[in-house]
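Encoded as structure tokens, the structure appears first; notes follow it.
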Amino acid sequence: MFQKIRLRLTFLCGGITTLITLAMTLGYLYIAEKNLVANRLLSCQNDIFTIAANLEQQSAISFTWLSKLEAGSGYDISITDNGIPFWFNERIPDDSRLAMTENAWKYYRQNKDALAVHKISYRSSYRNFTYDGKSMGNSPNYCFVISLDTNGSLLEMLLLLPFSAFAGQIAGQRMSFLAMVFAALLAIWLFAWFFTGRLLTPIAESRRKQNQFIAAASHELRTPLAVILSCAESCTNRTMDTIKSEALRMKRLLDDLLTLSSRDLEQLHISKSPVYLDTLLLNACESFEAMARDRRVGLSACLPEDAVPPCDCDRERICQVLAILLHNALSYTPEGGCISLSLSLAPKYFILSCADSGSGIPDEEKEKIFERFYRVEKSRSSKEHFGLGLSIAHEIISAHGGRIAVRDTAGGGSTFVAELPR
Ligand code: ADP
């Protein structure tokens with residue numbers, strides 16, 4: 001049980017921290033990537049001023065200078081003289097980059113007049129634009145066209161900075177940051193697991209001691225109670241009857257407490273053997289027949305027509321579950337009602353169910369009745385019931401790897417369904 005709580009707390013702490021960390025990481029990456037692009041574009045402007053100054057100073061453009069510039073800057077550079085290609089791209093490495101440059105020129109020619117002109121000197125200026133070059137995977141490409149008036153002819157130089165120039169850097173940044181975040185999250189999860197373990201240790205220890213105390217006290221109380229019972233057995237007057245019934249009540253309570261504490265201490269002993277559930281069910285019906293007759297309640301058993309294979313379970317414990325269900329059904333079904341105990345087979349389960357036409361259980365109570373000492377309000381006054389029966393049934397069925405639940409009986413009442421693995 002504590003492992004379950006520990007797991008839940010770890011998931012809660014780890015999950016919330018993971019969400020917060022991931023949200024912050026995404027936010028950080030978004031801002032960092034925006035800044036990276038902005039800084040690069042800023043340095044482009046500086047480049048443009050330097051290149052324009054160089055162009056103005058050179059009487060003839062040096063190809064060596066151009067090649068060096070292109071190799072060192074990451075731009076794809078191309079030049080036209082009065083619109084005629086002058087320096088273009090044997091060196092632009094592949095077809096897609098070449099197409100990109102051609103598209104950029106096309107875009108520039110079409111939109112030149114609409115683009116803002118930034119003056120550099122009295123002879124030179126530049127225009128800049130972005131186009132997302134659909135053929136190049138929708139990434140924005142940053143373009144700058146420097147225009148230089150050289151004694152009546154117009155020299156235009158396109159500097160194209162493809163998005164791929166950032167993509168590598170951005171991907172690298174993402175990978176290293178995500179690796180760091182992943183390592184941090186791993187550490188957080190490990191810490192959460194360790195921390196919740198430390199947190200729960202004293203609680204688990206005190207729960208264990210409490211259970212040990214209940215187990216020891218129940219054991220100690222049983223012996224004197226057995227003596228009282230056997231003495232009361234031999235006496236006949238009314239006072240002795242009262243002593244006997246009270247002592248029996250106490251014995252039942254002690255037995256119940258013992259079963260639950262041994263389950264908590266993981267000492268609930270389940271000794272499995274092949275059991276024919278149909279026979280078990282008929283036996284259970286038989287032992288409650290007299291009680292049902294006294295209370296004028298009909299009791300019937302319903303079994304599958306075909307032979308039922310044996311179920312690997314603890315005979316005594318399953319008998320105990322059937323007794324709890326039948327006892328409850330008889331307690332909460334008024335005179336004239338009926339109870340039906342049935343067995344059916346599902347591919348993976350044996351299904352035992354106990355349906356009654358009694359008072360029924362409100363939907364909001366259906367989960368709670370399996371808790372210890374929980375009783376629905378109207379049954380509180382009963383001296384026979386401690387609110388432990390169903391929690392014991394639940395523990396026994398869970399110890400077998402099965403499950404138990406309650407639903408409404410058609411026409412009124414409750415049906416308890418216990419499933420045991422085949
Ligand atoms: P109790 O000893 O009080 O019967 P249980 O754990 O067996 O304790 O049941 C818990 C509560 O569930 C009961 O107090 C009762 O209110 C409700 N309950 C159990 N079985 C039935 C039933 N067949 N019909 C109606 N209510 C039921």
Side-chain angles (χ1 to χ4, degrees), residues 1 211 214 218 245-264 268 281 284-285 287-289 291-302 316-343 351-400 402-420:
M1 186 178 114
N211 279 320
I214 293 174
S218 307
S245 79
E246 288 301 306
L248 275 172
R249 199 168 95 81
M250 239 167 114
K251 183 177 176 301
R252 269 203 314 277
L253 175 60
L254 288 176
D255 286 344
D256 286 355
L257 287 175
L258 212 61
T259 309
L260 288 173
S261 67
S262 52
R263 171 69 171 154
D264 287 346
L268 184 67
L281 202 116
C285 269
S287 30
F288 278 84
E289 223 166 49
M291 192 175 169
R293 216 176 309 118
D294 282 355
R295 300 194 179 191
R296 293 181 215 291
V297 171
L299 176 60
S300 62
C302 178
E316 295 308 316
R317 293 291 181 190
I318 299 302
C319 271
Q320 196 181 350
V321 171
L322 290 178
I324 290 168
L325 297 182
L326 278 171
H327 196 262
N328 276 349
L330 280 165
S331 305
Y332 301 110
T333 304
E335 242 182 74
C338 57
I339 297 169
S340 159
L341 201 58
S342 60
L343 170 68
I351 302 172
L352 290 164
S353 63
C354 177
D356 64 52
S357 62
S359 53
I361 298 166
D363 283 345
E364 64 278 11
E365 309 277 0
K366 283 194 171 83
E367 293 261 317
K368 295 184 198 155
I369 55 169
F370 292 98
E371 288 168 14
R372 291 174 192 186
F373 293 107
Y374 190 84
R375 299 170 60 201
V376 180
E377 200 58 45
K378 54 185 177 291
S379 56
R380 284 204 191 280
S381 54
S382 165
K383 263 182 137 191
E384 266 184 81
H385 296 270
F386 305 110
L388 290 175
L390 288 178
S391 49
I392 291 176
H394 181 263
E395 298 293 3
I396 293 174
I397 298 291
S398 314
H400 279 82
R403 53 194 182 197
I404 183 167
V406 62
R407 55 172 191 248
D408 295 330
T409 310
S414 343
T415 301
F416 285 83
V417 182
E419 295 176 340
L420 286 170

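When reading the values below, keep in mind they use all heavy atoms of this one structure, side chains included, and skip hydrogens, waters and symmetry mates. For ligands, and for the atoms within them, numbers begin at 1 and follow the listed sequence. The shown structure was predicted, so the numbers you read here are calculated from the model rather than taken from an experiment.
- Here Cys285 pairs with Leu299, Ala301, Leu341 under the side chain to side chain contact (heavy atoms under 4.5 Å, CB included) rule; sequence neighbours left out.
- Counting atoms of ligand 1 from 1 in the listed order, those under 4.0 Å from a heavy atom of Val376 are 14 (O), 16 (O).
- Every atom of ligand 1 is numbered from 1 in the order shown, and the set under 4.0 Å from a heavy atom of Leu388 is 6 (O), 8 (O).
- The distance criterion of under 3.5 Å between nitrogen or oxygen atoms is met by Asn328 with respect to ligand 1.
- Listed by number with element, the atoms of ligand 1 under 4.0 Å from a non-hydrogen atom of Tyr374 are 10 (C), 11 (C).
- Residues Gln320 and Ile392 have side chains in contact (heavy-atom distance under 4.5 Å, counting atoms from C-beta outward).
- Of the possible donor and acceptor atoms, one in the side chain of Thr409 sits under 3.5 Å from a partner among the backbone N and O of Asp356.
- Using a non-hydrogen distance threshold of 4.0 Å, Phe416 registers as a contact of ligand 1.
- Heavy atoms of Gly387 come nearer than 4.0 angstrom to ligand 1 in at least one pair.
- Per-residue contacts place Ser359 under 4.0 angstrom from the following atoms of ligand 1 (heavy atoms of the residue considered): 25 (C).
- Heavy-atom proximity to atom 6 (O) of ligand 1, evaluated over Asp256, Leu390, Ile339, is greatest for Leu390.
- Close approach of ligand 1 to Gly389 is summarised as follows: ligand atoms under 4.0 Å from at least one heavy atom of the residue are 5 (P), 6 (O), 7 (O), 8 (O).
- Under the 4.5 Å side-chain criterion, counting only non-hydrogen atoms from C-beta, Arg317 is not in contact with Val321.
- Taking 4.5 Å as the limit, every side-chain heavy atom of Phe288 sits out of range of all side-chain heavy atoms of Val297.
- The closest side-chain heavy-atom distance from Asp363 to Lys366 is below 4.5 Å.
- Of all atoms in ligand 1, listed by their number and element, those nearer than 4.0 Å to a heavy atom of Ser414 are 22 (C), 24 (N), 25 (C).
- Using a 30° and 60° split on the angle between ring planes, His394 and Phe370 fall in the tilted class, from 30° to 60°.
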